[in-house]
S.K.: 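The structure follows.
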There are 2 protein chains.
Amino acid sequence: MAKTNKNQDTEGQILEAAKDVFQKKGMDGARMQEIANEAGINKAMLHYYYRSKQLLFEAVFSNAFSLLAPQLNKILNDDSSIENKIKNFTSNYISFISKHPYLPNFIIQELNRNPKFFEKIQQNTAFPTLEKFKNQVSAEVEKGILKPTDGEQLFINIISLNIFPFVATPLIKGFLKIDEKGFKQLMEQRKTAVSEFIINSIKK
Amino acid sequence: MAKTNKNQDTEGQILEAAKDVFQKKGMDGARMQEIANEAGINKAMLHYYYRSKQLLFEAVFSNAFSLLAPQLNKILNDDSSIENKIKNFTSNYISFISKHPYLPNFIIQELNRNPKFFEKIQQNTAFPTLEKFKNQVSAEVEKGILKPTDGEQLFINIISLNIFPFVATPLIKGFLKIDEKGFKQLMEQRKTAVSEFIINSIKK
DNA sequence: TTATGGTTTAACCATTTGGTTAACAAAGAT
DNA sequence: ATCTTTGTTAACCAAATGGTTAAACCATAA
């Protein structure tokens, strides 16, 4: 069994290895040889399947981004109340990122390196927009459910509180003098602490 | 006038150029030649004054970090009330970073690349600790000024809300469909919006 | 004036790195 | 069986890059 076909999904192995290396080291720090080693194949295969480092990188980046986009959609385009959305998003997002710890930093870093990537991605992925969220905030303010609140600022606050600790993990570990275990505990607490913090602030 | 001395502070020019290049491109993306060009001198001078890329980088990094540390001290080791600290810090920090936009991302990125830097820095710089802040939060909770609040989580929230938008600028510009001007406006609003948001949440 | 010492430069070097090539291997098609 | 296509590899290449060197430069102390 196994090994009937020659190409045991080499392409997939490459993408997997590339994901690991690129997410840990970034475009500039990553080495094609290291990706090949990690995939257990010859370096020439990387070019056979993906032509260039740049294209391989873009494949990984698109992939990562399209993993994150649906997460954001949960808060932007869903029909529950703002309060429920915040609760769900916070808890889900922290769970999700705990499984993909390099993801947010990778995306942010590479977006800073080359902001044009955003446009490139925007076309491929089904892209979340803010309109609905802003309207919903206005509506709930009007109804007296929320205090006067700017939807854009609220959106920034939500993603800041949820994403930042995973982007700045070493900084937080350093200041709080905690190790990986302590960090995980803290993030576990944040699944509820963050949404409470936000809701306390905006709910009338 | 001028040009009496041979070494017109070449060392300083190098550091300045290195700062620019390293902060924009990171350790891996930076090129010694580019730093030399930006400083308008021969590449060999970089090695004459700083021995190696690694050491030049560390000089820049230490410098950047010791610029940021005092900012954090404002919130950690100062005698005003929690509420006032948050107000002052938020406003000051956003002003400060607007003048050094690459700083937070640079530090976070390079700390992720090599978390050991933290220890290296911790020895040099007068290093802010969380003890005082945590005690103060507990005290104000006890006195009934604040709702029950965990000091560590509050600290994370404060720095998340203040720093994240500057780390993830391209992301935010993308989602909100705004340009540099719109972004600056938004950050200007945040000088008060963020502290109100936090205080609304924790004040009894 | 001329040694002297730090400063600066052009040329050079070894290594790394992304990418290519040519030969080979394994299936599938005929 | 043999031809053809696809997958895979070792060896190779040119460019880039961090770093070195030896000579030139130049302010100044003797």
Side-chain angles (χ1 to χ4, degrees), chain A residues 1-63 106 109-110 113-114 116-117 120, chain B residues 1-63 106 109-110 113-114 117:
Chain A
M1 63 220 69
K3 208 181 176 182
T4 29
N5 195 334
K6 205 178 352 170
N7 173 1
Q8 282 277 37
D9 192 25
T10 308
E11 196 169 340
Q13 284 172 250
I14 293 176
L15 202 64
E16 194 59 29
K19 194 191 78 183
D20 278 12
V21 175
F22 276 129
Q23 291 195 4
K24 271 182 207 153
K25 311 219 167 159
M27 171 66 168
D28 291 329
R31 294 290 160 252
M32 294 298 265
Q33 188 58 59
E34 190 182 350
I35 295 174
N37 292 345
E38 184 126 339
I41 56 165
N42 189 284
K43 181 165 68 91
M45 298 306 292
L46 305 183
H47 293 95
Y48 182 76
Y49 284 104
Y50 292 92
R51 285 191 65 89
S52 70
K53 187 184 183 184
Q54 179 65 24
L55 287 175
L56 177 54
F57 175 81
E58 284 176 22
V60 170
F61 188 84
S62 286
N63 233 270
F106 171 65
Q109 181 51 27
E110 300 303 327
R113 216 178 47 91
N114 182 5
K116 286 170 199 156
F117 267 136
K120 220 175 221 169
Chain B
M1 65 225 65
K3 205 177 176 184
T4 29
N5 194 334
K6 208 188 336 178
N7 173 1
Q8 283 276 41
D9 192 25
T10 308
E11 195 168 340
Q13 286 172 249
I14 293 176
L15 203 63
E16 195 59 29
K19 195 190 78 184
D20 279 12
V21 175
F22 277 130
Q23 290 193 5
K24 271 182 208 150
K25 310 219 168 161
M27 170 67 169
D28 292 329
R31 296 289 161 251
M32 295 297 267
Q33 187 58 60
E34 189 181 352
I35 295 173
N37 292 345
E38 184 126 340
I41 57 165
N42 190 284
K43 181 165 67 89
M45 298 304 288
L46 305 183
H47 294 96
Y48 181 76
Y49 284 104
Y50 292 92
R51 286 190 65 88
S52 69
K53 185 184 184 185
Q54 179 65 24
L55 287 175
L56 177 53
F57 174 80
E58 284 175 24
V60 170
F61 189 84
S62 286
N63 234 270
F106 172 65
Q109 181 51 27
E110 299 304 326
R113 217 178 47 90
N114 183 4
F117 267 134

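These numbers come from a predicted model, not from an experiment. Each chain gets a letter, A, B and so on, in the order its sequence line appears, and its residues count up from 1.
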S.K.: Is it true that the side chains of Asn37(A) and Gln33(A) contain a donor and an acceptor less than 3.5 Å apart?
M.R.: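 On atom types as modelled, these side chains qualify, holding a pair under 3.5 Å.
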S.K.: Kindly determine whether Leu15(A) and Tyr50(A) satisfy side chain to side chain contact (heavy atoms under 4.5 Å, CB included), including the steps that lead there.
M.R.: CA-CA 9 Å; Leu15(A) 202 64; Tyr50(A) 292 92; 3.6 Å; yes
S.K.: Between atom NZ in Lys53(A) and atom P in dG18(C), what is the gap in whole Å?
M.R.: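 Roughly 5 Å, once rounded to whole Å.
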S.K.: Check the distance between dT6(D)'s P and Tyr49(A)'s OH and give it to me in whole angstrom.
M.R.: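 Taking OH of Tyr49(A) and P of dT6(D), I get 11 Å after rounding.
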S.K.: Among pairs that include at least one residue of residues 47-60 of chain A, which meet salt bridge (charged side-chain N to carboxylate O under 4.0 Å, His left out), considering only residues two or more places apart or in two chains?
M.R.: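 Qualifying pairs: Glu58(A)-Lys120(A).
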S.K.: Establish, with yes or no, whether the OP1 or OP2 oxygen of dG18(C) is under 4.0 angstrom from a side-chain nitrogen or oxygen of Ser52(A).
M.R.: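 So the side chain of Ser52(A) is outside the cut-off, no N or O lying under 4.0 Å from OP1 or OP2 of dG18(C).
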S.K.: Does a side-chain N or O from Thr10(B) land closer than 4.0 Å to OP1 or OP2 of dT8(C), or not?
M.R.: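 Yes, such a contact exists.
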S.K.: Write out a two-atom table: protein N or O, nucleotide N or O from nucleotides 9-11 of chain D, distance below 3.5 Å.
M.R.:
from    : atom 1 : to       : atom 2 : distance (Å)
dT9(D)  : OP2    : Asn42(A) : N      : 3.1
dA10(D) : OP2    : Asn42(A) : ND2    : 3.2
dA10(D) : N7     : Asn42(A) : ND2    : 3.2

S.K.: Kindly indicate, with the supporting measurements, whether the criterion side chain to side chain contact (heavy atoms under 4.5 Å, CB included) is fulfilled by Tyr49(B) and Leu56(B).
M.R.: CA-CA 9 Å; Tyr49(B) 284 104; Leu56(B) 177 53; over 6 Å; no
S.K.: Salt bridge (charged side-chain N to carboxylate O under 4.0 Å, His left out): which pairs involve residues 38-47 of chain B, sequence neighbours left out?
M.R.: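 For residues 38-47 of chain B, and leaving out neighbouring residues, there are no salt bridge (charged side-chain N to carboxylate O under 4.0 Å, His left out) pairs at all.
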S.K.: Tell me which pairs pass salt bridge (charged side-chain N to carboxylate O under 4.0 Å, His left out) where either residue lies in residues 13-35 of chain A, with sequence neighbours left out.
M.R.: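 Found Glu16(A)-Lys19(A), Lys25(A)-Glu34(A), Asp28(A)-Arg113(A).
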S.K.: Using a heavy-atom distance cut-off of less than 4.0 Å, which residues of residues 14-39 of chain A contact DNA chain C?
M.R.: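 Per residue number, the list reads Ala30(A), Arg31(A), Met32(A).
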S.K.: Residues in ring pair (Phe, Tyr, Trp, His ring centres under 6.0 Å) with Phe106(B), at least two apart?
M.R.: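 By the ring pair (Phe, Tyr, Trp, His ring centres under 6.0 Å) rule, Phe106(B) matches Phe57(B), Phe61(B).
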S.K.: With a 3.5 Å distance limit and no angle check, can you tell me whether Glu110(A) reaches the backbone of Met27(A) through a side-chain donor-acceptor pair?
M.R.: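 Yes, because the side chain of Glu110(A) sits within donor-acceptor range (under 3.5 Å) of the backbone of Met27(A).
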